[in-house]
Amino acid sequence: MVRKLRRFIYDVWTYLSLNHSAKFQEFISIHDKPRLFLLDTPIHGNLGDQAIALAEKQFLEKNFPMYDIYEFTQQEYMLCERKIVKSVNTRDIIVIHGGGFIGTLWQNEENILLRLLNRFYQNKIVVFPQTVYFEKSKRGVAEEEKLKRAIEKCRNFILFCRDFQSYEFMLQKMRMSTNQCKYVPDIVTFLKYDMGFERKNRVLFCLRKDKEKILDEKRLQPIREELEKKNYQILYTDTVVNKIIDKRNREENVMKKLNEFAQAKLVVTDRLHGMLFATITSTPCIAVDNMSRKVSGGYEWIKELKYIKCVKEDALNATLAIDMMEHPRVRYSNANLEEYYQAIKECILEKE
């Protein structure tokens, strides 16, 4: 009851704040400039999703200075959908938040994606890098068909996939062409982290607790015990926090988590963004896959980095953990991924 009341108050506050903001009034009244709309960004406490939104905004602002860029969170869009839809014209470009929600794992997010495709099918629609996962069941087949119909209705639709499994699925099952579907890295790899922290004698365990979890924590027990014998401090953390995060406090919360990772000697995780947070903070990391295989899919883009290792669950052991901590600190560089960021830019700019 208390949570529902808090959410109601937050919804009312968001609605009033948005409708009275100068930026929203500008959006409603000015239609003569080229415009980009970043839609469906999160307000929940998943810092991986928030880091995606932060990277998306930075990417758009860096590469599209000639455009007016407007971001609407999922909540802002749902509360003000009628006004937003009415104010968008067919020349505007719709950019949809990336992540891992296409398919049946996160049904609410999938439903909102379908809603956006059906509302803006006459616009150019670009979806930032995603993972796609449909369960193998009648429900999964039905949801696949809904998405296929929505995509076919769109006049100009481009989807970026961040793992090869998703990319192949969309080409084969959804019959998308290679002009419509592109294989690129998770956009969080675009972020730069320049804070310098001394590594402390600690190991972070960053583990899932939700429906995507497959790692058996019993396997971690002997690793913890061995590390504690060697006087390493074991800390448990997560890339999910129990609070509302929106555009106002997104960067602050993401940076706080990155700082935490940067001070560790090792991260053990089954979260994609646990691995990517370690990557961009140059922190040694052992990653294990999750249900949708997005960890191993994401690893393909960074596997040349010696301080990051993705292994099968049965390969986890204390010797590997201690060996990984010996890697010297090197500054993260995404220079080898620049061609893929350029491809995203070109696809957004490309005329029909």
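Only this structure's heavy atoms are used, side chains among them; waters, hydrogens and symmetry mates stay out.
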Taking side-chain hydrogen bond (donor to acceptor under 3.5 Å, both in side chains) as the cut-off, I'd like each qualifying pair that reaches into residues 244-254, sequence neighbours left out, listed once.
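Qualifying pairs: Y10-D246, Q50-R250, E71-R250, E76-K247, K243-N253, D246-R248.
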
Any chance the side chains of [X] and [Y] put a donor and an acceptor closer than 3.5 Å?
{"X": "E56", "Y": "T41", "answer": "no"}
{"X": "T14", "Y": "Q75", "answer": "yes"}
{"X": "Q263", "Y": "N259", "answer": "no"}
{"X": "D289", "Y": "S296", "answer": "yes"}

Set out, in order, the CA-CA distance, both residues' side-chain angles and the distance that settles side-chain hydrogen bond (donor to acceptor under 3.5 Å, both in side chains) for D186 and H273, then state yes or no.
CA-CA 9 Å; D186 188 294; H273 290 104; 3.1 Å; yes

Residue list, side-chain contact (heavy atoms from CB on, under 4.5 Å) with S177, at least two apart or on another chain:
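For S177 the side-chain contact (heavy atoms from CB on, under 4.5 Å) partners, ignoring immediate neighbours, are N179, Q180.
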
Taking everything shown except E198 itself, do over 12 heavy atoms lie less than 6.0 Å from its CD?
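No, CD of E198 has 12 or fewer neighbouring heavy atoms, counting only those of other groups under 6.0 Å.
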
R175, CZ: over 12 other non-hydrogen atoms inside 6.0 angstrom:
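No.
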
Determine whether the aromatic ring centres of F128 and F160 lie less than 6.0 Å apart.
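Centroid distance F128-F160: not below 6.0 Å, so no.
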
Under the salt bridge (charged side-chain N to carboxylate O under 4.0 Å, His left out) test, residues paired with [X] that sit two or more places apart:
{"X": "E228", "result": "none"}
{"X": "K23", "result": "E26"}
{"X": "D194", "result": "R331"}
{"X": "R224", "result": "none"}

